[in-house]
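In what follows, a single structure is set out as structure tokens and then discussed.
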There are 2 protein chains.
Amino acid sequence: MSTKAVFYHAGCPVCIDAERQFADSLDQSKFDVEIVHLGDAPERLAEAEEGGVKSIPAFVIQGKAFHINFGASLADLK
Amino acid sequence: MSTKAVFYHAGCPVCIDAERQFADSLDQSKFDVEIVHLGDAPERLAEAEEGGVKSIPAFVIQGKAFHINFGASLADLK
């Protein structure tokens with residue numbers, strides 16, 4: 001069974017790099033990757049925050065947040 | 001042809017999480033992942049620094065550094 005991985009971003013250049021190198025490149029037999037653009041889906045900000053996301057781009061995998069570099073803080077997207 | 005991805009870490013708990021979720025999980029048909037423990041291979045600190053690594057755990061892929069969360073600064077490993 002594949003693990004759910006949610007990638008949160010907001011279209012920033014740092015986000016695009018992270019999306020290309022990680023979100024698009026995880027082994028699809030291991031991960032079911034969902035890509036969420038928080039600018040387009042602001043209703044998912046609370047869920048990202050609950051997952052421990054402080055800034056984007058970030059993944060939430062099995063309840064843990066993994067921030068990749070720094071594009072923008074979650075607070076700035078509200 | 002697969003892309004070279006170097007994962008630098010130093011055995012910290014944050015590093016182990018990142019290794020499990022990313023270094024071990026990138027699509028092996030796309031990436032040739034090398035895992036470098038900078039505690040065991042301090043001679044590679046300069047190379048990591050040249051790749052733009054400021055803290056570990058981090059990847060360097062195609063000349064760009066991707067820091068995943070924060071385990072320790074590179075300066076603290078010298």
Side-chain angles (χ1 to χ4, degrees), chain A residues 1-38 45 47-77, chain B residues 1-38 45 47-77:
Chain A
M1 205 184 84
S2 61
T3 300
K4 176 89 176 175
V6 186
F7 178 70
Y8 296 100
H9 75 114
C12 59
V14 172
C15 298
I16 303 297
D17 275 346
E19 183 173 343
R20 187 177 308 130
Q21 299 297 14
F22 295 97
D24 293 345
S25 303
L26 288 173
D27 187 335
Q28 296 190 357
S29 68
K30 291 184 183 175
F31 289 97
D32 171 23
V33 180
E34 183 190 9
I35 296 178
V36 177
H37 188 307
L38 289 171
L45 277 163
E47 164 204 311
E49 204 163 25
E50 277 167 23
V53 175
K54 306 288 185 200
S55 62
I56 47 101
F59 281 92
V60 174
I61 304 174
Q62 295 180 312
K64 284 189 183 175
F66 295 93
H67 302 89
I68 299 184
N69 290 343
F70 180 85
S73 75
L74 211 63
D76 290 339
L77 300 176
Chain B
M1 205 182 82
S2 60
T3 301
K4 176 88 176 175
V6 186
F7 178 70
Y8 296 99
H9 76 115
C12 59
V14 172
C15 298
I16 303 296
D17 275 348
E19 183 173 344
R20 188 176 310 130
Q21 300 296 15
F22 295 97
D24 293 345
S25 303
L26 288 173
D27 186 336
Q28 295 190 358
S29 68
K30 291 186 182 171
F31 290 98
D32 171 22
V33 179
E34 182 189 9
I35 296 178
V36 177
H37 188 307
L38 290 170
L45 276 163
E47 164 204 308
E49 205 163 23
E50 276 167 23
V53 175
K54 306 287 184 200
S55 62
I56 48 98
F59 281 91
V60 174
I61 303 174
Q62 295 180 310
K64 284 189 184 176
F66 295 92
H67 302 87
I68 300 183
N69 288 345
F70 179 86
S73 75
L74 211 64
D76 290 338
L77 299 176

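Since the structure is predicted, the reported quantities are computational estimates derived from the model, not experimental observations. Here is how names work: the chains are called A, B, and so on, in the same order as the sequence lines, proteins then strands, and each is numbered from 1.
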Tabulate, in ascending numerical order, the residues of residues 21-35 of chain B having at least one heavy atom closer than 4.5 Å to a heavy atom of chain A, or enter 'none'. Q21(B), F22(B), D24(B), S25(B), L26(B), D27(B), K30(B), F31(B)
Give the interface residues of residues 47-63 of chain B toward chain A, defined by a heavy-atom separation under 4.5 Å.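 Residues in range: F59(B), I61(B), Q62(B).
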Identify which part of A5(A) has an atom lying under 4.5 Å from any heavy atom of chain B, answering side chain, backbone, both or neither. neither
Could you note down all residue pairs passing side chain to side chain donor-acceptor pair (under 3.5 Å) where residues 63-73 of chain A supplies at least one of them, sequence neighbours left out?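 Non-adjacent pairs meeting side chain to side chain donor-acceptor pair (under 3.5 Å): K64(A)-D17(B), H67(A)-N69(B), N69(A)-H67(B), S73(A)-D76(A).
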Which atom names give the shortest non-hydrogen contact between L77(B) and A10(B), and what distance separates them?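 So the minimum-distance heavy-atom pair works out to CD2-CB, 4.0 Å.
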Nearest atoms (heavy-atom pairs only) where G11(A) meets H37(A):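 The pair with the smallest heavy-atom distance is N-NE2, 3.6 Å.
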